[in-house]
Amino acid sequence: MTNDKTKTDLETIRHSAAHLMAQAVKQLYPETQVTIGPVIEDGFYYDFYRKSPFVPEDLEKIEKRMKEISLQSLDIIRKEMPREEALKMFDDMNEPFKREVINDIASNDPISVYTQGEFTDLCRGPHVENTKFLKSFKLLNTSASYWRGDERNKVLQRIYGTAWHTDKELRLYLKRLEEAKKRDHRKLGKELDLFSVTDEVGPGLILWHPKGSRIRCLMEDFWKEEHFKNGYEMVHSPHAAKVDMWKTSGHMDFYKDNIFSPMDIEGKEYVMKPMNCPFHIQIYKSRLRSYRDLPVRYAELGTVYRYERSGVLHGLLRVRGFTQDDAHLFCRPNQIEEEIIKVLDLILLILKSFGFNEYKVYLSTRPDKFVGSEENWEKATNALKQALEKSKLKYEIDPGEGVFYGPKIDIKIKDSLNRFWQVSTVQVDFNLPQRFDINYIEEDGQKYQPIMLHRALMGSLERFFGCLVEHYAGAFPLWLAPVQIILLPITDQNHEYSDEVFKKLTLSGFRVEKDLRNEKIGFKIRDAQIQKIPYMIVIGEKEQTNKILAVRKRRSKETITFTIDELTDKLSLEVSEKKLGESIQPI
RNA sequence: GCCCACAUAGCUCAGUGGUAGAGCACUUCCUUGGUAAGGAAGAGGUCAUCGGUUCAAUCCCGAUUGUGGGCUCCA
């Protein structure tokens, strides 16, 4: 239940808009069968079953018909009926999918249908009272889907739409979509020369250009620094390993679909690594471990390769080769909770430093198929839960969504279109310690199996960077900006002084560029603005004679005058404090 | 992988069954200009790839590859 009346109203409008769309579709294409049509964020969709897909022209026709039906001011009438009657009615209407839906409704729940004109649909409701209340809507796109979301089932044709109280709200929403497209990391990646993906290299394999790499280096440096501060050891492992190791780990069984095909090296099969864990285990196993050594924390920026079906690739957010900011912790059972809390602290530090203050936290519990004892699962899940609560994190439980080897916490952040992407994760693993038979010597001199935790903070550097680009719309805070300062001499009489300033700022550790082109100052400013460089320094006659700098900020037109030392002090502070500056809020 | 759409110059995009166009960017020249585009000239394309239809294909048809929006799956 929600107390937010506006939201509820909007949901009702959208739900009714979905019905209106279904009615229009049935009028135009009577052979089409209806399935379900729920409300989603900012709109609705309806899935239909028919031979041929909808084409863009169909959408125009359907939308036009919806408007016509709206003008007919049809009352929308609710009716409850016995299950048998409902089944018969939808059978008579030749709507077999509705039969399945009815069969899923709990036996003590009422069966209700809504009728508007000649169109009747099974629905829990509520709905608006009359089609005339549906005016501000637009059909957006189509896609294929599967009945009940299962690809073994029938292929359905989905139409997405959006609906609002007023035309003004609709226009604002469409405008918001346009704005979101402008901050798409794929578009900005090209415009700001951050990265690329080429046909020749292959889909899902990223080329980091100098400016993107610069940011990546800063992300990595910060990451390493924090890990050394927090008791982690850095390790490095190769990009490939023998298939045998992956058989031991179990990946050849349960993760085979995601592993790149093996290659034959002198008669032995090798694969590109899809994960880093077995390597870290090898390092752990390289000598005998005492309880005094635990917890052992191995961290690696490990690049992994995973086969992903071509249709799922998406810019930097879903790729086939990516670098995980991975770590594996080996600990005594009584150390788990404390370690998880520390990991959560690190996650929050990282997210905050990069300006992500909106995220969703999920706790995934035991799935149907699992390894380890129920008792251990219970303990581990509780440890995760306790840690979440002690860290004061709000979270949702994803029942049964844990991986088969242990429960986990996932954290998701969103892109410019409000789609959530998993970045951070903390997972308990009961499987690998057993498979690789790792152990440590306890106080009592006996061997025990350590508990293993997998964890990543940014998840994949590619994905995290992609979200970062969208979060800031390419206007990175000073500490991350690939070019922090650009010098804009007004005439070539000012080049010499520009060189002097350039040297001083560069020696102070800033990333500086000079624009020595034979162009007017307005042109250079425009260019620097498009490149989203945080600080522009205009250098002309006045500055040169007085040995000062005229500084213009990226997002305000005001110019402030500084000496070089003043500016250096001010900006050094902005960098060292990782000030977020002018982060744009996502939509 | 599945459904639909798309693929033309470095970028953004027009366009036609008879051998290709703009703007920006690039190169050269003129201009030395004070806070979001000064002017001129030039160079740049096997119209994604392969096949078919046709006297003739960038355009029509098919396949392939890639991209986009979803579905399924996931960091």
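Each chain gets a letter, A, B and so on, in the order its sequence line appears, and its residues count up from 1. Every value quoted in this text rests on a predicted model; they were computed, and no experiment measured them.
Taking A/H280 as the reference, A/H328 meet the ring-ring contact (aromatic ring centres under 6.0 Å, His included) condition, with sequence neighbours excluded. Qualifying salt bridge (Lys or Arg N to Asp or Glu O under 4.0 Å) partners for A/E543, counting only residues two or more places apart in sequence or in other chains: none. For the side chain to side chain donor-acceptor pair (under 3.5 Å) test, no residue two or more places apart in sequence or in another chain qualifies with A/K211.
When the options A/K514, A/Q544, A/K524, A/R517 are evaluated for a side chain to side chain contact (heavy atoms under 4.5 Å, CB included) with A/P489, the one that passes is A/K524.
Ring planes of A/H15 and A/H19: perpendicular class, angle over 60° (limits at 30 and 60°).
Here A/W421 does not count as stacked on B/A75, because the ring centres are not under 5.5 angstrom apart with planes under 30°.
To the nearest whole angstrom, the two P atoms, one in B/U49 and one in B/C59, are 10 Å apart. With both ends at atom P, the span from B/U32 to B/G44 equals 31 Å, rounded to whole Å.
Atom CG in A/L205 sits about 13 Å away from atom C1' in B/G66, given to the nearest Å. Summarising the geometry, the separation between CD1 on A/I560 and P on B/U35 is reported as 17 Å, rounded to the nearest angstrom. Put simply, CD on A/E200 is 16 Å from C1' on B/A7, counting in whole angstrom units.
Separation of atoms CZ (A/R186) and NE2 (A/H314) is listed at 4.0 Å; rounding is to 0.5 Å.
Looking at the side chain of A/R552, the nearest of the listed nucleotides B/A75, B/A36, B/C71 is B/A36. Comparing B/G69, B/U72, B/G34 by their nearest atom to the side chain of A/H314 picks out B/G69. Comparing atom distances between the A/I525 side chain and each of B/G69, B/U35, B/U32 picks out B/U35 as nearest. Considering only side-chain atoms of A/K542, the nucleotide from B/G69, B/U72, B/G34 that sits closest is B/G34. Closest approach to the A/I490 side chain among B/U32, B/C11, B/G34 is made by B/G34 (side chain taken as heavy atoms from C-beta onward). Nearest nucleotide to the A/S310 side chain, out of B/G1, B/G66, B/G38: B/G1.
In RNA chain B, runs of at least 3 consecutive Watson-Crick or G-U pairs, each pair with both distances below 3.5 Å, span B:1-7 with B:65-71, B:10-13 with B:21-24, B:26-30 with B:38-42, B:48-52 with B:60-64.
Checking side-chain atoms of A/E308 against main-chain N and O of A/V319 turns up no donor-acceptor pair under 3.5 Å. A/D184 places no side-chain N or O within 3.5 Å of a backbone atom of A/K181 that could act as its donor or acceptor partner.
Residue pairs meeting the ring pair (Phe, Tyr, Trp, His ring centres under 6.0 Å) criterion with at least one member in residues 138-162 of chain A, sequence neighbours excluded, are A/Y45-A/Y160, A/F97-A/W147.
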Check: protein-nucleotides 39-44 of chain B nitrogen or oxygen pairs below 3.5 Å:
none

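Between the base of B/G69 and the side chain of A/Y45 there is no donor-acceptor pair shorter than 3.5 Å.
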